[in-house]
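Remember, it's a predicted structure, so these values are computed and weren't measured experimentally.
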There are 2 protein chains.
Amino acid sequence: MPRRSKPARETYHHGDLRNALVTAAVELVEGSSPEELTLREVSRRVGVNHRAAYRHFKDKTALLAAVAEDGYRALLDAMDQALAKAPRTNAEERLMALAVAYVSFAIDQPARYRIMFGRRLNEDGRFPTLEELVGRAYAVLAGELRAGQVSRQFHLTPVRELVFGFWSLTHGFASLAIVRRLKVKRSLLDAWTRTVFAPFVHGLAR
Amino acid sequence: MPRRSKPARETYHHGDLRNALVTAAVELVEGSSPEELTLREVSRRVGVNHRAAYRHFKDKTALLAAVAEDGYRALLDAMDQALAKAPRTNAEERLMALAVAYVSFAIDQPARYRIMFGRRLNEDGRFPTLEELVGRAYAVLAGELRAGQVSRQFHLTPVRELVFGFWSLTHGFASLAIVRRLKVKRSLLDAWTRTVFAPFVHGLAR
DNA sequence: ACCTGAACACCGTTCAAGT
DNA sequence: ACCTGAACACCGTTCAAGT
């Protein structure tokens with residue numbers, strides 16, 4: 001009587017092949033590098049013919065976009081958590097907490113971060129969800145900078161320019177640290193991040 | 001009697017295949033994207049069997065490193081020229097001139113810039129020349145920041161941290177502008193760069 | 001609906017050979 | 001010394017077919 005309990009799964013596979021592929025891709029990429037992320041290898045890991053992936057992703061770029069989306073969600077979580085722990089009224093300190101969380105995220109998962117920021121994936125506007133997630137990250141930064149202005153802690157430079165500048169600083173820090181293999185010990189990284197950011201963030205104060 | 005003047009070139013090719021390959025690679029990459037830079041296509045352009053490239057480059061990474069070296073030389077030129085035109089004593093203004101030159105370089109040749117900064121090419125320390133050129137770019141920034149401290153215009157934060165911060169800002173600005181396809185008109189870019197940088201660079205002043 | 005096999009046009013890289 | 005042809009092990013992608 002056992003035979004029956006074993007469902008068609010063995011042949012028809014996962015309830016959710018799409019998620020299985022994305023998860024495998026994220027794991028694979030962190031174990032090696034973005035260059036080694038191939039549709040065929042990901043499919044192999046999931047135990048499925050590489051053609052099956054095309055049921056869920058139009059092409060390789062679509063898989064990369066899914067990995068990037070997943071990454072943005074994780075980054076947004078990390079940013080939210082950092083802000084929840086930060087003091088409510090000190091605008092500079094809140095930016096610092098954001099910067100530390102952002103840089104940690106990138107340094108701890110460099111390949112994932114490179115997929116998120118290395119190539120323009122949404123060239124043809126095919127991935128609106130990805131775009132929306134980028135917009136949410138932007139909104140978090142904009143919210144903090146705007147709050148600093150409202151509480152009269154920051155200069156009244158237009159927020160759009162401030163966000164671009166602050167994001168440039170964090171993104172630049174993270175990606176330089178990744179490509180040039182920062183020689184700073186992981187245990188000292190957060191403090192070092194603060195030291196580097198301090199004079200620049202201080203420039204926002206009025 | 002002409003026949004004789006035609007040398008073995010036709011078969012034995014360029015006096016300098018190496019340079020021909022690098023030049024072709026730079027042109028190719030700017031016409032498309034880093035992903036489309038292949039050893040075979042570059043060789044095709046130069047009119048040579050793809051195997052010939054291996055006489056001059058151990059592997060594809062070595063060709064990319066040569067392209068990156070070429071790029072760093074051009075970037076150093078652009079930075080030097082900007083500094084030559086900048087006022088001699090205003091440290092903030094000199095940093096701004098540097099930032100504008102740096103960003104322009106990246107925006108005008110995005111694929112080239114992405115090869116320089118996208119992947120860690122010198123993983124095994126195989127390209128000392130590349131490393132030396134990066135060191136020279138670093139030295140230019142360090143020199144300006146140090147000068148600003150000596151003339152008592154900048155705070156006395158350790159130079160190492162200042163350089164990393166300023167480079168983060170310029171690199172981040174450039175690469176975000178590239179991946180997110182900045183919607184700013186090219187003719188307004190230099191002014192916009194200054195607006196974005198102003199509050200942050202101002203933070204260095206004492 | 002979901003998955004597969006076989007095939008195509010590309011890669012980078014290696015080996016043995018040509019001038 | 002410098003270049004090539006043929007081959008290998010990989011890609012992403014397409015077509016026609018299987019359950």
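Between Leu28(B) atom CG and dC11(C) atom P the separation is 10 Å, expressed in whole Å. As rounded to whole Å, 14 Å separates atom P of dA9(D) from atom CZ of Arg44(A). A straight line from CZ of Phe57(B) to P of dC3(D) spans 12 Å, rounded to a whole angstrom. Rounding to whole angstrom units, CZ of residue Arg18(A) and P of dC2(C) are separated by 13 Å. dC2(C) atom P lies 13 Å from atom CG of Leu21(A), rounded to whole Å. Here the C1' atom of nucleotide dG12(C) and the NE2 atom of His50(B) are 8 Å apart, to the nearest Å. Across the protein-nucleic acid pair, Glu41(B) atom CD and dC11(C) atom C1' stand 12 Å apart, rounded to whole Å. Between Glu35(B) atom CD and dG12(D) atom P the separation is 14 Å, expressed in whole Å.
Looking at heavy atoms from C-beta onward, Leu98(A) lies out of side-chain contact with Met96(A) at the 4.5 angstrom threshold.
Salt bridge Arg194(A)/Glu93(A): present, at least one basic N to carboxylate O contact under 4.0 Å. Ion pair Glu131(A)/Arg180(B) flagged as a salt bridge, since at least one NZ, NE, NH1 or NH2 atom sits closer than 4.0 Å to an Asp/Glu carboxylate oxygen. Contact check on Arg112(B) versus Glu30(B) returns no salt bridge, with no Lys/Arg side-chain nitrogen under 4.0 Å from an Asp/Glu carboxylate oxygen. Ionic pairing of Arg18(A) and Asp16(A) is not present here: no N-O contact between side-chain nitrogen and carboxylate oxygen is shorter than 4.0 angstrom. Between Arg136(B) and Asp80(B) there is no salt bridge, since no side-chain N of the basic residue sits under 4.0 Å from a carboxylate O of the acidic one. Between Asp124(B) and Arg120(B), no side-chain nitrogen of the basic residue sits less than 4.0 Å from a carboxylate oxygen of the acidic one, so the salt-bridge criterion is not met.
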How does DNA chain D read in dot-bracket, base by base from 5' to 3', with Watson-Crick or G-U pairs under 3.5 Å and | used when the partner is on another strand? ||.|||||...|||||.||
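Among dG12(D), dG5(C), dC11(C), the nucleotide with an atom closest to any side-chain atom of Asn49(A) is dG5(C).
Between Arg51(A) and dA7(C) there is no side-chain polar atom (N or O) within less than 4.0 angstrom of OP1 or OP2. Between Tyr54(B) and dT13(C), a side-chain N or O to OP1/OP2 separation shorter than 4.0 Å is present.
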Pair Tyr102(A)-Trp167(A), side chain to side chain donor-acceptor pair (under 3.5 Å): steps then yes or no: CA-CA 10 Å; Tyr102(A) 188 103; Trp167(A) 203 340; 3.0 Å; yes
How far apart are the C-alpha atoms of Thr38(A) and Glu41(A), what are their side-chain angles, what is the distance that settles it, and do they pass the side chain to side chain donor-acceptor pair (under 3.5 Å) test? CA-CA 5 Å; Thr38(A) 70; Glu41(A) 178 60 25; 5.3 Å; no
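Within residues 60-71 of chain B, no residue has any heavy atom under 4.0 Å from DNA chain D.
Closest-nucleotide positions on DNA chain D for Leu39(A) and Arg55(A) were compared, and the one nearer the 5' end corresponds to Leu39(A). When the nearest nucleotides of DNA chain C are assigned to His56(A) and Arg40(A) by heavy-atom distance, the more 5′-ward of the two goes with His56(A).
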